[in-house]
Peer 1: 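The structure is given below, and queries will be raised subsequently.
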Amino acid sequence: MKSLFNILVVSLLLALSSAYATPEQDKETFQNFYTEMFPDISLEGFGDGVYALDQDARDQWEAMNDFPPYEEDLEEGEELFNTPFSNGKTYANCFENDGKNIRQNYPLFDTKQNKVITLELAINNCRESNGEELLRYKKGEIAKLSAYMTYTSKDSLINVKTPDSKEALAAYEAGKQYYYSKRGQLNFSCANCHTQNAGRRARSETLSPALGHPTHFPVYRMKWAGFGTLQRRIDSCNKQVRAQPLSGQSEDYRNLEYFLTYMSNGLPINGPASRK
Amino acid sequence: MKIKTILLPLLLTLICSTAYAQTSSEAEQAIQSADKLWAATITAGHEWNTIKPLVAQAKQALKTNDFSAAITLANRASEQSVLALIQAEHEKTNWVNNLPK
């Protein structure tokens, strides 16, 4: 009885210690978990999702990418990006480095507004400050613009930061809790599929590791016949477990994206990408 | 734990009342409770996508004066909301069990 109690106390302490680890410690644990689980995959290889695990699927995917299905939408994204607003300014005026090669820094935590700013939110903030109508989130124009901005960031290493602020840490922790919490009628957490069961099959699909998830978004999905943002993809997963998807750029989704992207710090941007 | 002591009796009353309640006002009441519990799951960040359609169907049934169907559907929605709220409560502490070790 006593030893059982000791085991319980020790495992509780262990659980608590990882619950209260710093983001940097979390990232180490997270990345080590996957690199130990898949010793043959290089760190950057995780950016290819299931295609890093399944050679047959990879062969088909590579054949498809000889003529990427997103080419046209990507060009449209570039055009949108360069089209001036009615006041003559452009997206380039809103961003560092004229908006080129910056995807790897998003989401960032804005210590003035005390909130997580994803790239898509920043795009709409830019429009708002220039007197333009806001774009709908998750797909359409915003996904094309975002895809172009991802494209100009190719090979840059994800570098999401948690500034030294209570609020930034709270946002990060909230995203972390979202990722590990079971939800929906089927009672699954993201981690149940993309951490504990990464590489296994669920119905007809191989489950990708969560490490590398944010490197290649927006993704052009054949099923969508268009680009979708990371949050749109998360909607699909929420529906799979019969949880109600959240609205685009809701606080919970932004915090989740913040956590998830932090976990992939150091991996190169390799998007936009195509998926089934 | 507190949430269970509030919600479970409520759930039981809902289930017990179905056999007798067939009137319009009872259907309205069942829908009101369903709406409230549904809203609580949203606040808790654990809304299931199965709840909204049930509430919508219950409201539709009320419109066509099918009170017993309205009550059955509203109660089913309420049951699911209660489970979603229990899930939310449970995950407040248990999410740490999913952390990679």
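Every chain is numbered from 1, with letters handed out A, B, ... down the list of sequences.
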Peer 1: Is B:E47 close to chain A through its backbone or its side chain, or both, or neither, when contacts mean heavy atoms under 4.5 Å?
Peer 2: both

Peer 1: Going by residue number, which parts of residues 239-262 of chain A are within reach of chain B, meaning a heavy-atom gap below 4.5 Å?
Peer 2: A:K239, A:R242, A:A243, A:Q244

Peer 1: Could you measure the distance from the CD atom of B:E91 to the CG atom of A:N187? Nearest 0.5 Å is fine.
Peer 2: 6.5 Å

Peer 1: Taking atom OG of A:S189 and atom CG of B:N94, what is their separation to the nearest 0.5 Å?
Peer 2: 11.5 Å

Peer 1: What residues of residues 191-207 of chain A sit under 4.5 Å from chain B when only non-hydrogen atoms are counted?
Peer 2: A:A191, A:N192, A:T195, A:Q196

Peer 1: Might you confirm whether atom NZ of A:K139 has over 12 heavy atoms from other residues, nucleotides or ligands at distances under 6.0 Å?
Peer 2: no

Peer 1: How would you list all residue pairs meeting salt bridge (Lys or Arg N to Asp or Glu O under 4.0 Å) that involve residues 53-73 of chain B, not counting sequence neighbours?
Peer 2: B:D35-B:K59

Peer 1: Taking the side chain from A:R183 and the backbone from B:G45, do they hold a donor-acceptor pair closer than 3.5 Å?
Peer 2: yes

Peer 1: CG/B:N98 to NZ/A:K182 distance, rounded to the nearest 0.5 angstrom?
Peer 2: 5.0 Å

Peer 1: Between B:V96 and A:Y180, is the side chain to side chain contact (heavy atoms under 4.5 Å, CB included) condition met? List the steps.
Peer 2: CA-CA 7 Å; B:V96 293; A:Y180 291 107; over 6 Å; no

Peer 1: Is it true that atom CD of B:Q57 has more than 12 heavy atoms of other residues, nucleotides or ligands lying nearer than 6.0 Å?
Peer 2: yes

Peer 1: Is the count of non-hydrogen atoms from other residues, nucleotides or ligands lying under 6.0 Å from A:F188 atom CZ greater than 12?
Peer 2: no

Peer 1: Is it the backbone or the side chain of A:S181 that comes under 4.5 Å from a heavy atom of chain B, or both, or neither?
Peer 2: both

Peer 1: Would you list the atom pairs, donor with acceptor, under 3.5 Å between side chains in residues 159-172 of chain A and any protein atom, with sequence neighbours excluded?
Peer 2:
| from | atom 1 | to | atom 2 | distance (Å) |
| --- | --- | --- | --- | --- |
| A:S165 | OG | A:E167 | N | 3.4 |
| A:S165 | OG | A:A168 | N | 2.9 |
| A:Y172 | OH | A:D26 | OD2 | 2.6 |

